[in-house]
Enquirer: 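Below: one structure in structure tokens.
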Amino acid sequence: MKLTSRRKIALASSVMISAFAMTATFQSSSKAADCGTWGIAMHAWNGYTASAQVVTEVAKAQGCTINQSTLTEGGTTYDAMEAGTTDVIIEDWGGGRWQKWTDRGAVVLVGANGNVGKIGMFVAPWMVKKYPGITNSKNLNKYASLFKTADSGGKGAWFEGPPGYTTIGEKMIKANKLKFKAIATGSEAALISTITKAEKNKKPALIYWWEPSTLFVKVPGLDKARVNFPKNDWSDAAKASGLTDYPATPLEKLATKKLMDSGSVFAKIVKNFKWTNADQNAVAADIEGGMTPEKAAQKWIKAHPAQVKAWLA
Amino acid sequence: MYRKLLERKGYFFLGFIALWYALSKIFFDKATWELGIADNTSFTNVVGDAAGAISGNRTHSPFFVYFFNPIRLFINGFVDIIRNLIATPSNGHAAPTIGWLGVIAILAFITLATSRIRMAILVITFLLGCGALGMWADTMDTLAMTLAAVLLSLAIGIPCGIWAGLSDRVLKLFTPILDLAQILPTMVYLAPLALFFMIGEASATIATMIYSVPISIRITSHAIRSLNFSPVEASISMGATKKQTLSKVQLPMAKQMIVLGVNQTVMAALSFVVIAALIAAPGLGKPVISALTIQNTGRGFVAGLAVVLVAIMLDRATSAAAMKQKAFIPPTESEKRRKRLNVSIAGAVALGATIASHFVTALGNFPDNFDIATPISNATNSFVNFLVNDVSFLTVGFKDIISIRVLNPIEDMLARAPWFMTLTMFVIAALVLAGKRIAFLTFVLLSAIAATGLWFDAMITLTQTIVATLLTMIVGVALGIWVGRSKRADSLLRPFLDAGQTMPAFVYLVPILGLFGPTRFTAIATGIVYSIPVVVKIVGEGIRSVPESMIEAATAAGSNVRQIITKVQLPASKRALMLAANQGMIFVLAVIVIGGFVGSGGLGYIVIMGSSKPELQGKGLVAGFVILLLGVAIDRVAQAASRRA
């Protein structure tokens, strides 16, 4: 018993001594710069991931600690910013739905990020050749019966965007007098699987989609499969009966007031970050091709030193 | 006599359903109260305005300043302490305070001290496994969140459980609340919680607790109540005070059950990991959810695998600790001494490893140079691609048959008929099946649903729940009979059933989506996968508990296997079948709501939409409330019906 307890002590102390010895040799030299610790919201779509990851990598190189949190867009994220859970939205499509939050003051509109969003409805590309004129909204009713499914109640299936995204499908159907029914899809994944399978098996499909996006690379011909709707006519407000098409939207950055007032490098990066749809597509394509978001972002940063330097100025 | 009555009831029901169907055809598409996706009713507008007022007042209303905000800050602080300890790099440090080596050493040490060395080895292996999957940081976040939620749950659950164990009045008061908390689909209370506690760790922790506290209360009170009464009586008769009896007799005797309660609380908290990520809970839920939205099944599967590893590890370790409390033969002095020595050596090693992992970065951040996540994720993706491309012609055909032949007719009956007709028919059915009291309750609940204005969507969700439950019962009962009759089948299926119960539903949502596309059936199929394990287990248990003598008698009388199953085993386990149907339905409802992510429409879709679109926030909250009403109605009717059976 005596022996064992002595052995115990010996063991414990030798472990401790070696631990401290290692401490002396290995003591980490990483000392965080005064950028601080900040959060960035991660939304679901690939383009967003590209932008947010590039911003994250640039900030990390400046010594910032950045926590990415997966959040659904819109209200959920504005609430999270108000609660201090996260600080930045790098791409918001919501044309003013943040109003209540910015009015209260904790969330501020930082400005456009350079990307322009254009939502629309797309048919499966193979249909463009087979059914002439199908991309003209006036002809859609003629082909409506092609789009019928077991779920669409005798009308054509109009696969609507995910619940959080800007969607006006029902209003468009009404204003354009279409024989279609908006079908809730729920997620980007649902739309991708619908269009890729339809294209592969030569089955009809009409889906909600948007630019900028790498799906146009994955599904060749999709860019020519956009259905053209009449532009919203706002010239005479009294006459305008409803929304006929999605408008082109400059995408916005939002951040917490706390971050923007902090004087941190990260605030500067968020404020200055600006790039084109082509830039975003390049990074997003790499991510979709199997690269990790970190590596894809690093690759773009290495290739565009001047642009990155401008964000830091 | 009784049998005859039952048969007559069967005919009555066939006639009743035929009449219902005919009526719904006659009044097709009249007074359905169908509402556009983006449309509000005056009621949802009122709720939306109220919600807006609440979130606008969060900084200055006294309710928030003196009640909600302190709770939020306390829980956030509590969670952050644990996270800084093991999960996130603390200030000015490249790794968490305790690095990966330290965490493994400490957990292995705790396991060794509370159970056996084999268990400690299992813990080490599984933790290394999570690290090798590239999920170390997320695993630690999940552990931290679970630990925080479990500690807080036990702090509330055990005292309340003891109280309910000692007093009948308290138990009576608690029971309906506990029932409610357990049938409530988890998606439902995320939005209201976020309204009061905002998006973040606090809301996620409280949401988890709503689910896990009832379980801890229930098991603790059961533990106190199921004690042998004579020692308690002896203690009282010897003049011990109530307090003495509780602390010296009742609690020590109930210890094993209470530790089992800890086990169940941990499992409940863990089952919340993924869904809590919807309100920004850090951890393994994040990669699972983002895999769903960007359709990378492989990455979601890897994260799901880590969830399963953590679940098995915590389950085994805590139940081993519970088993240990049971040993009746006291260990000998030398055994005790040996154990003490082993534990203290392990303790010293763990301490050393912990200190080392604090200072050495390589022992702090899990090394990422051996990567098994990529091959697993790629293999999963190519398997799913194979399914989606080469098998889906079969599945789509099956989906269409079910949609057109089963789903659409039932939807026509429930949703596309006038609302008051459906309501009346339901009340009549409840009257016959379950009696006056339940019929009245059904009337009240359904009227409340109608009053919210979301009747149509509620019926859509109910239709899917009914169809999914029917299909689940067909498959589940068949498998349950097999499991109940054959030990081999049981040991063959058990791992799948266990994994199916711990694997978060979100993980297989994506491959099922690939098979069926964004349709109502995708949600139904997910519901079936999720609820089959519980149905199989209950039915199997029921079949197994049929007395051997009954089967022997039937065999002696010359019955064949089919006759034994249909005439002896199934009728004798009728209660188990009804319980399975009830549980199956509650499980299915929980997943049908999640199905809003993959095209089920209905209430789940509205809940999801409400969390993102400020103008539909009220509608989302109301939809959550309607799901609650629907859940209570289903549960009450099914329970009353099974009591009558």
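Each chain gets a letter, A, B and so on, in the order the sequences are listed, and its residues count up from 1.
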Enquirer: Tell me, for A:Trp101 versus chain B, whether the close heavy atoms (under 4.5 Å) come from the side chain, the backbone, both or neither.
Expert: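 Contact with chain B involves the side chain of A:Trp101 alone.
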Enquirer: Pick one of side chain, backbone, both or neither for B:Ala280, based on which atoms fall under 4.5 Å of a heavy atom in chain A.
Expert: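 Both parts, heavy atoms under 4.5 Å.
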Enquirer: For the residue pair A:Tyr165 and B:Ser612, establish whether any side-chain heavy-atom pair is separated by less than 4.5 Å.
Expert: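 No; the side chains remain at least 4.5 Å from each other.
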Enquirer: Kindly give the heavy-atom pair with the smallest separation between A:Ala150 and B:Ile404, and that separation in Å.
Expert: CB-CG1, 3.9 Å
Enquirer: Are B:Lys613 and A:Thr167 side-chain neighbours, meaning at least one heavy-atom pair lies under 4.5 Å?
Expert: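 Contact flag for B:Lys613/A:Thr167 side chains = yes.
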Enquirer: Using side-chain heavy atoms (C-beta onward) and a distance below 4.5 Å, is B:Pro518 in contact with A:Leu191?
Expert: no
Enquirer: Within the 3.5 Å criterion, strictly below it, is a donor on B:Ser55 or A:Lys100 matched to an acceptor on the partner's side chain?
Expert: no
Enquirer: Any side-chain heavy atom of A:Leu71 within less than 4.5 Å of one from B:Ile199?
Expert: yes
Enquirer: Of all heavy-atom pairs between B:Tyr605 and A:Pro162, which one has the smallest distance, and what is that distance?
Expert: OH-C, 4.5 Å
Enquirer: So what's closer than 4.5 Å to chain A heavy atoms on B:Leu73: side chain, backbone, both or neither?
Expert: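 Neither; nothing under 4.5 Å.
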Enquirer: Identify which of A:Thr86, A:Asn201, A:Thr185 forms the greatest number of heavy-atom pairs closer than 4.5 Å to chain B.
Expert: A:Thr185
Enquirer: State the NZ-CE distance between B:Lys286 and A:Met42, to the nearest 0.5 angstrom.
Expert: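 These two atoms lie 9.0 Å from each other.
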Enquirer: Are there more than 12 heavy atoms of other residues, nucleotides or ligands under 6.0 Å from atom NZ of A:Lys203?
Expert: no
Enquirer: With rounding to the nearest 0.5 angstrom, report the CG to NZ distance, B:Asp39 to A:Lys171.
Expert: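 The NZ atom of A:Lys171 is 7.5 Å from CG of B:Asp39, to the nearest 0.5 Å.
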Enquirer: Using every non-hydrogen atom in the two residues, find where B:Thr519 and A:Asp151 come nearest and quote the distance to one decimal.
Expert: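 The answer is CG2-OD2, 3.4 Å.
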Enquirer: Between B:Pro282, B:Ala362, B:Gly56, which shows the greatest number of heavy-atom pairs under 4.5 Å with chain A?
Expert: B:Gly56
Enquirer: Measuring from atom OG1 of A:Thr76 to atom CD of B:Gln617, what distance do you get when rounded to the nearest 0.5 angstrom?
Expert: 9.0 Å
Enquirer: Go through A:Ala182, A:Ala157, A:Ala80, A:Gly74 and name the one with the most non-hydrogen pairs under 4.5 angstrom from chain B.
Expert: A:Ala80
Enquirer: Any idea which heavy atoms bring B:Pro614 and A:Arg97 closest together, and the distance?
Expert: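 Heavy atoms only, the tightest pair is CG-O, 3.6 Å.
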Enquirer: Got a sec, which pairs hit salt bridge (Lys or Arg N to Asp or Glu O under 4.0 Å) with one end in residues 64-84 of chain A, sequence neighbours left out?
Expert: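 Sorted pair list: A:Asp79-B:Arg58, A:Glu82-A:Arg104, A:Glu82-B:Arg58.
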